[in-house]
Amino acid sequence: MMEIKNLSKKFGSVTALNDVNLSLEKGMVYGFVGKNGAGKTTLFKCISGIETHTGIIDTAFKNVKNHIGLLETNPNFLSRITGWEYLKLLCIARKITFDDFESKNIFDLPLDRYAETYSTGMKKKLALTAILLQQNDIFILDEPFNGVDIQSNILITEIINVLKEKDKIILISSHIFSTLKESCDQIFLLNNGKIEKIVLKENYTELENDLKMDVIGNKVDILNL
Amino acid sequence: MKYYITLQIIRLKRWFKEVGLHPIIGVILASVLFILFSKYLFYKTAFAKFIFPLLALTVLVSLGDKQRNDQLKTIFDKGLRLKIRFFENAIVALPFLVYLLYEQQLIPILGLFIVSIILVFVPAGLNFKKAIATPFKRRPFENIVGFRKYFVLVGILYLLIFKAIQVENYNLAVVAFGSIFFVLMAFYLKPENIYFVWLFKDSAGNFLKRKLIDALICGSILTVPGLIGLGLFFWSTIMVSCIVFVVGLIYLCSMVLAKYSAYPNEINVPQGLLFALSLWFPPMLILVIVIFYKQSKRNLYLILE
């Protein structure tokens with residue numbers, strides 16, 4: 001279980017997160033939606049410890065960051081590093097000696113090629129493979145479906161289901177609502193750095209309609225198409 | 001083109017500010033250091049006429065990098081792109097050409113001039129689709145990245161050692177051998193993205209220990225063949241060669257610590273000055289290492305613990 005209490009984050013005078021309180025259970029998948037700049041990525045970075053913040057993150061782990069697998073929206077890759085070497089680095093970092101990566105290469109990635117030359121989707125799949133190999137307890141997936149082909153989307157959804165069965169805590173953000181609808185047990189709506197709404201599965205359709213109304217409104221009419 | 005150049009000047013000013021220098025002072029300091037270094041190089045070795053243009057070439061090659069040129073292609077039409085590339089190469093090559101003229105080295109001037117022009121039109125760098133094999137596959141990442149970036153330079157230095165052995169010139173051999181350590185130090189110049197530190201399940205102290213061990217192992221792999229060559233062919237000076245080897249490894253370690261003492265920023269003026277001081281007066285190295293270690297541990301603690 002993970003308790004987030006009064007988490008706030010400021011960048012200078014700009015408040016990115018304002019008093020966020022969450023209670024996250026094992027074996028649950030949590031979705032995060034919100035406009036660009038709502039604070040989703042900042043929240044993920046604060047939870048994982050990459051960004052400093054105020055407030056408390058309470059877990060059973062001594063140092064929670066060592067149990068988190070973080071998939072960034074645009075995963076970073078060191079130049080002149082192959083896919084294989086990237087996987088090796090991420091495993092070494094968590095003291096995992098395994099290195100028969102070809103046997104775990106479920107996305108059929110060209111592991112002998114430089115990771116920086118991969119397409120957007122391939123980069124995401126490589127980064128996801130790496131955090132799965134790390135055997136984390138908490139998975140933070142920032143836009144895991146972004147740029148990934150349909151086949152891999154299906155595979156990622158299935159991976160999330162298996163992680164849920166294995167009692168992991170999973171946090172996902174996505175701009176594609178249908179993917180969240182399928183995988184998440186709860187969805188948090190973030191607005192201006194605050195959790196505006198907590199939506200349970202039975203109310204997803206209502207949330208989707210609200211989001212559509214809020215986003216579209218009469219904006220298209222303004223264009224006079 | 002004018003706006004592009006203005007942007008580059010703005011970027012340079014920002015960089016100077018980031019490292020803690022006023023841009024004007026930075027430019028004056030860089031010019032003075034360039035002249036002093038050039039004078040020292042030509043005073044120290046007769047091979048300076050080869051090493052000096054080679055230094056210019058390393059900068060020209062990075063400017064002519066294919067990826068960088070492809071990016072310019074997407075923004076500018078061919079004529080404007082070539083003008084920009086010509087301007088960039090001229091700015092880099094000019095100080096080197098002027099100094100070579102002062103030293104009356106006409107053939108290197110001609111060589112550097114021609115290469116500068118060619119690199120305007122031909123993308124430089126080795127852009128292998130297939131990864132270059134390294135001896136450090138299981139020890140990512142600085143040594144893998146560094147080796148792939150600088151293996152040509154390491155090769156040239158080994159070639160110099162080979163040549164020096166042929167003409168029985170120990171001084172040249174030991175200078176080329178020592179220079180390999182400077183190349184190794186360059187592996188640690190740029191700080192990695194914070195993600196690649198954050199992900200380690202280590203205390204700050206253990207993280208640094210791991211990095212230092214990696215540097216020592218990989219540094220030794222790249223330099224021990226040179227040491228053996230020097231030992232075999234210049235046996236009478238084996239002690240000097242061994243001292244260069246050990247001191248080189250110590251400097252390499254202090255470079256690793258310097259990188260993390262400024263982390264997550266690039267090495268800036270205070271770290272650079274301390275490091276330069278230790279190069280000028282090696283006994284200072286002990287104090288410098290202690291300072292860098294403490295600063296590194298403090299910086300890493302915030303990310304790792």
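A, B, ... follow the sequence lines: proteins, then strands. Residue 1 opens every chain. Since this is a predicted model, take the numbers as computed values, not measurements.
- Taking every heavy atom of both residues into account, B/F196 and A/N76 meet most closely at CZ-O, 3.2 Å.
- Taken to the nearest 0.5 Å, the CD atom of B/E192 stands 11.5 Å off from the OG atom of A/S79.
- The list of ring-ring contact (aromatic ring centres under 6.0 Å, His included) pairs with a residue in residues 138-184 of chain A, not counting sequence neighbours, is empty.
- Put simply, the side chain of B/F200 does not reach to within 4.5 Å of the side chain of A/N66, judged on heavy atoms.
- Nearest approach of B/A131 to A/D112, heavy atoms of both residues: CB-O, 3.6 Å.
- Against chain B, no residue from residues 147-165 of chain A qualifies, as none has a non-hydrogen atom under 4.5 angstrom away.
- Heavy atoms of other residues, nucleotides or ligands lying less than 6.0 angstrom from CZ of A/F61 number more than 12.
- For NZ of A/K123, the number of neighbouring non-hydrogen atoms (other residues, nucleotides, ligands) closer than 6.0 Å is greater than 12.
- Closest heavy-atom contact between B/W198 and A/I68: CH2-O, 3.7 Å.
- Other residues, nucleotides and ligands place more than 12 heavy atoms under 6.0 Å from the NZ atom of A/K95.
- More than 12 non-hydrogen atoms from other residues, nucleotides or ligands lie less than 6.0 angstrom from CZ of B/F76.
- Atom CD1 of B/I144 and atom NZ of A/K88 lie 10.5 Å apart (nearest 0.5 Å).
- Contacts between B/I303 and chain A at a heavy-atom distance below 4.5 Å involve the backbone alone (N, CA, C, O).
- With hydrogens and angles ignored, the 3.5 Å screen pairs a side-chain donor or acceptor of B/Y195 with a backbone N or O of A/L70.
- With chain B as partner, the option from A/D99, A/I50, A/L90, A/T52 having the largest number of non-hydrogen pairs under 4.5 angstrom is A/I50.
- The candidate with the highest count of non-hydrogen atom pairs below 4.5 Å against chain B, out of A/T82, A/I81, A/L78, A/N63, is A/L78.
- In B/F162, the CZ atom is not crowded: 12 or fewer heavy atoms of neighbouring residues, nucleotides or ligands sit closer than 6.0 Å.
- Atom CD1 of B/I194 sits about 7.5 Å away from atom CD of A/E51, to the nearest 0.5 Å.
- More than 12 heavy atoms of other residues, nucleotides or ligands shown are found within 6.0 angstrom of OH on B/Y158.
- Of residues 14-34 of chain A, no residue lies under 4.5 Å from chain B by any heavy-atom pair.
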Check step by step if side-chain contact (heavy atoms from CB on, under 4.5 Å) holds for B/R139 and A/I92.
CA-CA 9 Å; B/R139 307 194 84 87; A/I92 284 177; over 6 Å; no
In a table with atom names and distances, give each donor-acceptor pair under 3.5 Å that connects a side chain of residues 146-155 of chain B to protein atoms at least two apart or in another chain.
unit_1 : atom_1 : unit_2 : atom_2 : d
B/R148 : NE     : B/I132 : O      : 2.7
B/R148 : NH1    : A/R80  : O      : 2.8
B/R148 : NH1    : A/E85  : OE1    : 2.8
B/R148 : NH2    : A/E85  : OE2    : 2.9
B/R148 : NH2    : B/I132 : O      : 2.9

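- Note: B/K201 leads B/K201, B/E305, B/R210 in heavy-atom pairs under 4.5 Å with chain A.
- Contact of A/K65 with chain B is made through backbone and side chain together, with heavy-atom distances under 4.5 Å.
- The neighbour count for B/Q71 CD, taken as heavy atoms of other residues, nucleotides or ligands under 6.0 Å away, does not exceed 12.
- Chain A forms the most heavy-atom pairs under 4.5 Å with one residue out of B/L304, B/V197, B/T134, and that residue is B/L304.
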